[in-house]
Amino acid sequence: MSGIAERVRAVLPAVRADLENLVRIESVWADPARRAEVHRSAATVAELLSAAGFAQVQIVAEGGAPAVIAHHPAPPGAPTVLLYAHHDVQPEGDRAAWASAPFEPTERDGRLYGRGAADDKAGIAVHLAAFRAHHGEPPVGVTVFVEGEEESGSPSLGRILAAHRDALAADVIVLADSDNWSVEVPALTVSLRGLVDCEVEVSTLEHGLHSGLWGGAVPDALAALVRLLASLHDDDGDVAVAGLHRAEPGRAFPDYPAERLRTEAGLLDGVREIGSGPIPQRLWAEPAITVIGIDTTPIAASSNTLIPSARAKISLRVAPGGDAAEHLAALRRHLQDNAPWGARVTVTDGELGQPYAIAATGPVYDAARSAFRRAWGAEPVDMGMGGSIPFLAEFAAAFPDAAILVTGVEDPATRAHSVDESLHLGVLERAAIAEALLLAELGAARR
Ligand code: BES
Ligand code: MN
Ligand code: MN
């Protein structure tokens, strides 16, 4: 293969060491006690970019988490490429459940384990590798933008885009924060679902009651909440909320057999998949509802008491083409209209992120597919994604003329957000080679 691939392989050991140092930083923005760690990770990213040869490197914040912007000016006539990743990570969850400590990067069987090893510190590693492989002199302008609050819904990103518009302006935007078809086959992400959430509180009583004296005639709030939550799906597991958008059955969705879903998701024997229609349609083009938390009496504190009120947090993925605000309103209506036994229902709106779909045609996408093909030795798959990158729509609106490429360093076994998150080291190498080749191709094209 090309000399660029060799140069990526040459810089990769150092990049991997940098990635491991980043994983050691507990940059959980959602945890107020660890915000200093997020500042430390921003500073570390800034140092790495300076050392790689970026002429201008700044840490910026607009009332939220610190982000890093680094710029290398374009040679005359060449386009500028913005490379995005995020340096914040999801909370590690139950530390004891990890096979190795979450913030101590550990290699096993060709994978690097650790919180953020893939999502999305590997995205930073890919950008570093691509830039270093060009010896700091790529044939295009390069801006690296590493955000610090993606896992919290990017609340201040709009203000950062507005305040640093000129610094972030680019002809091509590459977001390395998505998945691949497999560890051997790359994907170009062409759609993402949006995401809304809300909290619902169900109340039936002014106070708790003895369950023997009153049970049987007086409803408890937890039973009412459970019935309300059950009404969100029908018996087949299809979402049963009225007024939600379903995208048209896929333009040439790739074949994704149910067996593969079962294996990759780790479904237990005998447990059926839910929903209906082709799996890609269900995962990428239809809404999905998940109850992500419940506040009620924990078992350890339980007694024979009718519980007076209980709460749940519900998240709803919005199919491409749907409107997030309308979906939140539809969910709210469903919750208010389906309370059993006249139970009192209070809904508190939460996050709101729009879905996104990309046409993925034109010279930039052709260049990306060609770079993928050469780096991976496999034809890339146009893939929808069930996950969300809520700011994507904001980004596209801020830079309407830019071509947006959503790439990534995850694979179906990554387990992002879960315990034992990991990065496939072969995928890291192929993704880095692809990005380095892409910079070369975009430079050669000279629009
Ligand atoms: N990198 C993911 C999103 C993703 C993963 C897109 C795989 C496509 C394929 C991102 O970090 C993420 O987790 N987004 C959140 C959004 C949120 C926390 C507001 C999500 O999808 O839940
Ligand atoms: Mn991510
Ligand atoms: Mn994530």
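From a predicted model like this one, the values you see are computed outputs, not experimental measurements. For ligands, and for the atoms within them, numbers begin at 1 and follow the listed sequence.
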for atom 7 (C) of ligand 1, nearest protein heavy atom and its distance come out as Glu410 OE1, 3.8 Å
In this structure, atom 18 (C) of ligand 1 is nearest to the protein heavy atom Glu151 O, 3.4 Å
Could you establish whether Pro390 and ligand 1 come within less than 4.0 Å of each other, counting only heavy atoms on the residue side? yes
for atom 15 (C) of ligand 1, nearest protein heavy atom and its distance come out as Ser388 O, 3.7 Å
To the nearest 0.5 Å, atom CZ of Arg40 lies from atom NE2 of His87 at 12.5 Å
Item to complete: Walk me through it: do Arg369 and Asp382 pass the test salt bridge (charged side-chain N to carboxylate O under 4.0 Å, His left out)?
Response: CA-CA 10 Å; Arg369 289 192 182 91; Asp382 275 11; 3.2 Å; yes
Taken to the nearest 0.5 Å, the spacing of Leu175 CG from Thr407 OG1 works out to 7.5 Å
- Task: Look at the rings of Tyr84 and Phe391 and say which category their plane angle falls in: under 30° parallel, 30 to 60° tilted, over 60° perpendicular.
- Result: tilted
| message | So that I can check it, does any N, O or S atom in His417 come closer than 2.8 Å to the Mn ion (ligand 3)? | response | yes
Q: Could you go through the ring pair (Phe, Tyr, Trp, His ring centres under 6.0 Å) check for Tyr256 and Trp181 one step at a time?
A: CA-CA 10 Å; Tyr256 189 22; Trp181 180 247; 5.7 Å; yes
**Request:** Examine ligand 1 and decide if any of its atoms is less than 4.0 Å from a heavy atom belonging to Met383.
**Result:** no
Is there a heavy atom of Asp119 sitting under 4.0 angstrom from any atom of ligand 1? yes
So the atoms of ligand 1 within less than 4.0 Å of a heavy atom of Gly153 turn out to be 19 (C)
shortest atom 4 (C) of ligand 1-to-protein heavy-atom contact is with Asp177 O, 3.7 Å
In short, Pro390 meets Glu150 closest at the heavy-atom pair CD-OE2, 4.1 Å
Rounded to the nearest 0.5 angstrom, the OG-NE2 distance for Ser152 and His86 is 10.5 Å
Near Leu192 (heavy-atom distance under 4.0 Å), the atoms of ligand 1 are 6 (C), 8 (C)
Closest to atom 11 (O) of ligand 1 among protein heavy atoms sits Glu150 OE1, 2.7 Å
Atom name of the N, O or S atom of Glu151 nearest to the Mn ion (ligand 3) is OE2
Only residue of Glu421, Glu104, Glu92 satisfying salt bridge (charged side-chain N to carboxylate O under 4.0 Å, His left out) with Arg115 is Glu421
dist His164:NE2 -> Leu161:CG (nearest 0.5 Å) comes out at 9.5 Å
In Asp119, the N/O/S atom nearest the Mn ion (ligand 2) carries the name OD1
Would you say Arg193 contacts ligand 1, with heavy atoms under 4.0 Å as the rule? no
If you scan protein heavy atoms around atom 17 (C) of ligand 1, the nearest is Leu195 CD2, 3.9 Å
Of Leu428, Asp420, Asp411, the one forming a side chain to side chain contact (heavy atoms under 4.5 Å, CB included) with Arg111 is Asp411
Q) In terms of the angle between their ring planes, are Phe399 and Phe395 parallel, tilted or perpendicular, with boundaries placed at 30° and 60°? A) tilted
So, Asp120 and the Mn ion (ligand 3): N/O/S under 2.8 Å, yes or no?
-> no
Between Glu379 and Val185, the two heavy atoms sitting closest are O-CG1, 3.5 Å
Atom 8 (C) of ligand 1 sits nearest the protein heavy atom Ser178 OG, 3.2 Å
Note: ligand 1 atoms sitting under 4.0 Å from heavy atoms of His86 are 11 (O)
To the Mn ion (ligand 2), the closest N, O or S atom belonging to Asp177 is OD1
Heavy-atom proximity to atom 21 (O) of ligand 1, picking from Met385, Glu351, Arg317, points to Arg317
